[in-house]
Visitor: 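The structure follows.
Along the sequence shown, the residues carry numbers beginning at 1.
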Amino acid sequence: MTQILIRGRLLSFKRAPLSLTDTDSYLYESDGALLMEDGRISVAGSYGTVRAIAPEGIEEIDHRPHLIMPGFIDMHLHFPQMQVIASYAANLLEWLNTYTFPEECRFVESEHAARIATHFYDELLRHGTTTAVAYCSVHKTSADAFFAEALKRGMCMVGGKVMMDRNAPQGLLDTPEMGYDETRAVIADWHGKGRNHVAITPRFAITSTPGQMQATQALAEEFPDLHIQTHLSENHDEIRYTMDLYPEATDYTDIYARYGLLGKKTLLGHAIHLSEREADALSEAGAVAVHCPTSNLFLGSGLFPMKSLMRRDKPVRVAVATDIGGGSSYSMLRTMDEAYKIQQLLGERLNPLESFYLMTRGNAEALSMADDIGTLEPGTAADLVVLDAASTPAMRLRMETVKTLPEELFLLQTMGDDRAVVETYVAGKAMKGALDAIQVRT
């Protein structure tokens with residue numbers, strides 16, 4: 001039995017904050033500690049209380065004055081797009097055809113997929129992300145590399161082999177039968193192995209024929225506990241093209257509904273341009289609209305109406321994500337900085353408590369995994385991020401005038417990036433420090 005005690009300021013959310021002054025929505029300990037046992041949190045509270053419970057001679061790590069939080073959760077990104085990030089294009093469809101699809105063709109090679117998987121997990125951990133929901137490529141080799149590396153590092157990850165049988169290069173196409181069979185093989189090989197979760201992953205309606213959508217429906221019925229991830233209403237040209245391909249559908253959302261793909265474990269990337277009917281449909285199904293702010297701005301896709309979706313009479317569940325490589329940063333801090341600006345442009349406010357709730361417990365709830373990740377509750381996985389709001393000279397100077405926790409969080413969100421991440425723990429094991437040491441040596 002391995003026990004470790006870590007000390008620092010603790011922050012963990014109990015529920016969504018209702019306002020900037022809603023102190024009942026979170027746990028904050030100015031001198032707190034976590035007792036970690038075999039990769040899980042066994043006790044959380046004030047340092048004095050936890051230290052009194054801990055055995056004599058226990059390994060103790062002091063992170064004061066830094067902030068210890070649950071590790072960040074990224075709800076939508078593309079593992080094969082690491083070398084696509086920062087590619088110049090006018091819009092989504094041009095970007096996909098010019099850069100993304102050719103790059104994803106390379107993931108048929110297992111050696112390439114394994115190399116990129118190593119870099120992918122390194123970047124997540126450097127940025128404090130301990131769980132992510134990822135699209136692999138159409139090739140089973142990419143999913144194998146993705147899940148093998150997650151297993152090696154002990155990370156809780158969700159991912160899926162993309163299903164796409166039209167409107168892409170030949171090297172990226174499967175068939176309805178192949179998509180079904182290979183997804184079943186990925187499920188058999190990886191789902192439940194370590195902390196891996198396989199998601200059924202039709203890329204989006206443009207790249208799946210009705211036959212493949214039927215195969216996706218069959219998988220969803222056969223494996224009702226699995227997540228389903230796809231894209232929805234990201235770009236106006238995409239929406240028009242989709243409706244040309246499915247003229248019988250009422251709207252874009254109706255396509256997925258017709259194939260039984262809307263439910264509480266359905267994660268819909270972007271969902272920017274929804275009609276009231278579509279928002280009602282998502283609300284009634286309990287499906288999740290995943291906001292990808294840096295990507296939406298980079299590709300000029302639109303401004304996601306997050307606050308208005310959340311306060312509807314029929315509210316829509318919302319999560320947040322980087323969307324690498326349409327997104328421009330691996331950092332969930334940078335992601336929420338852009339989310340804040342989008343709401344500003346829409347005449348809305350997104351306070352820093354809400355931002356940090358969304359990155360942690362909020363995204364865990366969107367995944368239906370808040371009993372395991374996203375909080376510092378005893379019994380949950382010891383997936384943590386340690387943050388330093390004075391990590392750069394400019395931030396250090398600003399911290400001299402910061403008086404409250406929300407002010408500190410807003411500074412982290414506005415000016416922070418991977419430099420603000422002191423350490424990342426996965427199942428109680430420090431990961432970022434080891435990565436930094438490797439980087440120095442090489």
Side-chain angles (χ1 to χ4, degrees), residues 71-96 98-100 103 119-120 123-135 204 229 231-236 238 267-273 288-307 309 318-346 348-350 352 354-360 362-363 366 385 387 409-421:
F72 298 142
I73 301 167
D74 187 345
M75 291 288 288
H76 178 112
L77 75 171
H78 295 260
F79 152 57
Q81 292 179 14
M82 291 193 76
Q83 292 181 297
V84 175
I85 194 170
S87 294
Y88 181 72
N91 55 51
L92 168 68
L93 297 180
E94 178 189 318
W95 180 81
L96 285 171
T98 306
Y99 305 106
T100 305
E103 173 62 23
H119 289 292
F120 179 78
E123 286 307 311
L124 293 184
L125 292 169
R126 281 195 188 98
H127 288 83
T129 297
T130 52
T131 292
V133 184
Y135 289 62
F204 63 156
Q229 60 176 345
H231 295 79
L232 173 67
S233 297
E234 180 176 358
N235 167 285
H236 288 298
E238 169 215 7
L267 311 174
L268 299 162
H270 307 290
I272 304 169
H273 308 287
V288 179
V290 184
H291 180 26
C292 307
T294 70
S295 173
N296 295 166
L297 294 173
F298 180 77
L299 293 171
S301 300
L303 305 178
F304 180 74
M306 179 165 67
K307 297 307 287 275
L309 286 174
V318 170
V320 291
T322 64
D323 192 31
I324 297 298
S328 53
S329 175
Y330 294 89
S331 172
M332 289 302 294
L333 298 172
R334 306 279 7 97
T335 294
M336 296 314 298
D337 182 43
E338 298 306 304
Y340 170 82
K341 294 171 189 174
I342 287 172
Q343 295 314 300
Q344 288 283 89
L345 289 169
L346 293 170
E348 303 278 7
R349 300 297 299 277
L350 177 63
E354 292 176 290
S355 293
F356 279 78
Y357 162 78
L358 285 166
M359 287 187 278
T360 56
N363 276 355
V385 62
L387 299 170
L409 296 178
F410 195 61
L411 172 59
L412 278 164
Q413 173 185 306
T414 305
M415 299 181 71
D417 52 27
D418 56 310
R419 292 169 295 179
V421 177

Visitor: Are any of the side-chain heavy atoms of M75 and C292 separated by less than 4.5 Å?
Guide: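 Of all side-chain heavy-atom pairs linking C292 with M75, none is under 4.5 Å.
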
Visitor: Of L232, L299, N296, which is the lone residue that meets side chain to side chain contact (heavy atoms under 4.5 Å, CB included) with H270?
Guide: N296

Visitor: Does some side-chain heavy atom of Q229 sit less than 4.5 Å from a side-chain heavy atom of V133?
Guide: yes

Visitor: side-chain contact (heavy atoms from CB on, under 4.5 Å) between E238 and F204: does it pass, once the steps are laid out?
Guide: CA-CA 10 Å; E238 169 215 7; F204 63 156; 3.5 Å; yes

Visitor: Take L333 and M415, measure what side-chain contact (heavy atoms from CB on, under 4.5 Å) needs, and give me the verdict at the end.
Guide: CA-CA 8 Å; L333 298 172; M415 299 181 71; over 6 Å; no

Visitor: Any side-chain heavy atom of L303 within less than 4.5 Å of one from L297?
Guide: yes

Visitor: Taking atom CD of Q413 and atom OG of S355, what is their separation to the nearest 0.5 Å?
Guide: 3.5 Å

Visitor: Run the salt bridge (charged side-chain N to carboxylate O under 4.0 Å, His left out) test against R419 and tell me which residues pass, sequence neighbours left out.
Guide: D417

Visitor: Kindly write out the residues that satisfy ring-ring contact (aromatic ring centres under 6.0 Å, His included) with F304, not counting sequence neighbours, or none if the list is empty.
Guide: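 With neighbours one apart ignored, the set is H291.
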
Visitor: First locate atom CE of M332, then atom CD1 of I73, and finally report the distance between them rounded to the nearest 0.5 Å.
Guide: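 The distance works out to 8.5 Å.
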
Visitor: What I'd like to find out is whether the side chain of V320 reaches to under 4.5 Å of the side chain of M336, using heavy atoms alone.
Guide: yes

Visitor: Determine all donor-acceptor pairs shorter than 3.5 Å in which one atom belongs to a side chain in residues 82-91; sequence neighbours excluded.
Guide:
{"residue": "Q83", "atom": "OE1", "partner": "R106", "partner atom": "NH1", "Å": "3.1"}
{"residue": "S87", "atom": "OG", "partner": "V84", "partner atom": "O", "Å": "2.5"}
{"residue": "N91", "atom": "OD1", "partner": "L93", "partner atom": "N", "Å": "3.3"}
{"residue": "N91", "atom": "OD1", "partner": "E94", "partner atom": "N", "Å": "3.0"}

Visitor: Is any side-chain heavy atom of T322 less than 4.5 Å from a side-chain heavy atom of H76?
Guide: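 They are not in side-chain contact.
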
Visitor: Quick one: list whatever passes salt bridge (charged side-chain N to carboxylate O under 4.0 Å, His left out) with K307, sequence neighbours left out.
Guide: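 K307 satisfies salt bridge (charged side-chain N to carboxylate O under 4.0 Å, His left out) with E354 once adjacent residues are dropped.
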
Visitor: Among all residues two or more places apart in sequence or in another chain, which pass the salt bridge (charged side-chain N to carboxylate O under 4.0 Å, His left out) test with E338?
Guide: K341

Visitor: Show, in sequence, the C-alpha distance, side-chain angles and deciding distance for F72 and T360, and conclude whether the side-chain contact (heavy atoms from CB on, under 4.5 Å) test is met.
Guide: CA-CA 5 Å; F72 298 142; T360 56; 4.2 Å; yes

Visitor: Please evaluate residues Q81 and T100 with respect to the criterion side-chain contact (heavy atoms from CB on, under 4.5 Å), reporting the C-alpha separation (whole Å), side-chain torsions for both, the decisive distance (0.1 Å), and the verdict.
Guide: CA-CA 7 Å; Q81 292 179 14; T100 305; 3.2 Å; yes

Visitor: Calculate, to the nearest 0.5 Å, the distance between atoms OG1 and CG belonging to T130 and L125 respectively.
Guide: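 Between T130 OG1 and L125 CG, I get 8.0 Å after rounding to 0.5 Å.
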
Visitor: Out of curiosity, N363 CG to T131 OG1, how far, rounded to the nearest 0.5 Å?
Guide: 10.0 Å

Visitor: Quick one: are T335 and P293 in side-chain contact, heavy atoms under 4.5 Å?
Guide: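 Result yes, sub-4.5 Å side-chain heavy-atom pair found.
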
Visitor: Nearest 0.5 angstrom please: F120 CZ to L77 CG, how far?
Guide: 4.0 Å

Visitor: For residues L409 and F356, report the shortest heavy-atom separation together with the two atoms involved.
Guide: O-CE1, 3.3 Å

Visitor: Output, in order, the C-alpha distance, side-chain angles, deciding distance and verdict of ring pair (Phe, Tyr, Trp, His ring centres under 6.0 Å) for H231 and Y135.
Guide: CA-CA 11 Å; H231 295 79; Y135 289 62; 4.8 Å; yes

Visitor: Could you tell me which residues satisfy ring-ring contact (aromatic ring centres under 6.0 Å, His included) with H119, sequence neighbours excluded, listed by chain and number?
Guide: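 H119 satisfies ring-ring contact (aromatic ring centres under 6.0 Å, His included) with no other residue.
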
Visitor: With a 4.5 Å cut-off on side-chain heavy atoms, are V288 and L268 touching?
Guide: no

Visitor: Compare all side-chain heavy atoms of L412 with those of L387 and state whether any distance is below 4.5 angstrom.
Guide: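 Answer yes - side chains close enough.
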
